[in-house]
*Asks:* 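One structure follows; several queries about it will come next.
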Amino acid sequence: LANLVDTLLHPKLSWRTLLARYMVSRAREDYDYTRPARREGEAILPRLHSRQIDVAIVLDISGSISATELQEFLAEVDALKAQVRARVTLFACDTEIAPGAPWIYEAWEELKLPQQLPRGGGTRFTAPFAWYEQRPMAPDILVYFTDAQGTFPQIEPGFPVLWLIKGKAPVPWGMRVQLN
């Protein structure tokens, strides 16, 4: 009976489904009814406008996430980004952003991790957020793949953050998705 109540209170959705739903909700596709140019005629017809979204993905490379898990996660995001026309800015981070990062991938490019990534050490989540503080443009969404055991920034950023958590650690802000 307790398991049934737990299932009803906390429905289990796959993290892939939740991530897809969240990214699709951020993609902007809308119809525009602007007046056409005179040479186009008198009829006002709708035009579909879609905008590419900018997704920042941060991978925790502190050692608690295996290389296999990183590859599975990147493969899933790679499939999603083509569907929603997303440009991905990829970070690898433990206490600092990995050398050479960030790597930028357009919607048609395959996401790949560099061959040599430093692994191990502690986790500090502040570096990617500090990187965006120094830039004029913020991402439409930042997805952080981690175990959530580390030091968080004191101030919540001005853009949505989706935490994909392996483990049971809480996050201070943003949307938390449990990886199962």
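Computed from a predicted structure; not experimentally measured.
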*Asks:* Are Val171 and Ile165 packed together at the side-chain level, in the sense that at least one heavy-atom pair is separated by less than 4.5 angstrom?
*Replies:* yes

*Asks:* When the ring planes of Phe73 and Phe145 are compared, do they come out parallel, tilted or perpendicular, using 30° and 60° as the limits?
*Replies:* parallel

*Asks:* What's the spacing between Leu164 CG and Gln178 CD if we round to 0.5 Å?
*Replies:* 10.0 Å

*Asks:* Working to the nearest 0.5 Å, report the span between CG of Leu142 and CZ of Phe159.
*Replies:* 5.5 Å

*Asks:* Minimum heavy-atom separation for Ala98 and Trp103, please, with both atom names.
*Replies:* CB-CH2, 4.3 Å

*Asks:* Considering residues, nucleotides and ligands other than Glu96, do more than 12 of their heavy atoms fall under 6.0 Å from its CD?
*Replies:* no

*Asks:* Restricting to non-hydrogen atoms, name the atom on Ala101 and the atom on Ile97 that form the minimum distance, rounded to 0.1 Å.
*Replies:* CB-CG2, 3.5 Å

*Asks:* Mind listing the closest non-hydrogen atom pair of Asp78 and Leu111 along with its distance?
*Replies:* OD1-N, 3.3 Å

*Asks:* Check whether any side-chain heavy atom of Thr151 sits under 4.5 Å from a side-chain heavy atom of Thr95, and report yes or no.
*Replies:* no

*Asks:* Tyr105 versus Leu90: any side-chain heavy-atom pair under 4.5 Å?
*Replies:* yes

*Asks:* Would you call Ile57 and Val77 a side-chain contact if the rule is heavy atoms closer than 4.5 Å?
*Replies:* yes

*Asks:* Which residues pass the side-chain contact (heavy atoms from CB on, under 4.5 Å) test with Thr126, sequence neighbours left out?
*Replies:* Arg124, Pro153

*Asks:* Would you list the pairs meeting salt bridge (Lys or Arg N to Asp or Glu O under 4.0 Å) in which at least one residue belongs to residues 102-117, sequence neighbours left out?
*Replies:* Arg87-Glu106

*Asks:* Where does the angle between the aromatic ring planes of Tyr144 and Phe129 fall among parallel (under 30°), tilted (30 to 60°) and perpendicular (over 60°)?
*Replies:* parallel

*Asks:* Is the shortest heavy-atom distance from the side chain of Val88 to the side chain of Ile104 under 4.5 Å?
*Replies:* no

*Asks:* Please find out if less than 6.0 Å separates the ring center of Trp131 from that of Phe91.
*Replies:* yes

*Asks:* Evaluate the side-chain proximity of Phe125 to Val161: yes if any heavy-atom separation is below 4.5 Å, no if none is.
*Replies:* no

*Asks:* Atom CG of Asp147 and atom NZ of Lys168: how far apart are they, to the nearest 0.5 Å?
*Replies:* 13.0 Å

*Asks:* Do Ser62 and Asp94 pair up side chain to side chain, a donor and an acceptor below 3.5 Å, judged on atom types alone?
*Replies:* no

*Asks:* Measure the spacing between CG of Leu59 and OG1 of Thr146 and express it to the nearest 0.5 Å.
*Replies:* 10.0 Å

*Asks:* Apply salt bridge (Lys or Arg N to Asp or Glu O under 4.0 Å) to Glu69 and list each qualifying residue two or more places apart in sequence or on a separate chain.
*Replies:* Lys166

*Asks:* Evaluate Leu70 against Ile61 for side-chain contact (heavy atoms from CB on, under 4.5 Å), listing each step before the verdict.
*Replies:* CA-CA 9 Å; Leu70 287 176; Ile61 57 170; 4.2 Å; yes

*Asks:* How far apart are the closest heavy atoms of Val58 and Pro128, and which atoms are they?
*Replies:* CG1-CG, 3.7 Å

*Asks:* Distance-only, no hydrogens or angles: does the Gln149 side chain make a donor-acceptor pair with backbone N or O of Ala169 under 3.5 Å?
*Replies:* no

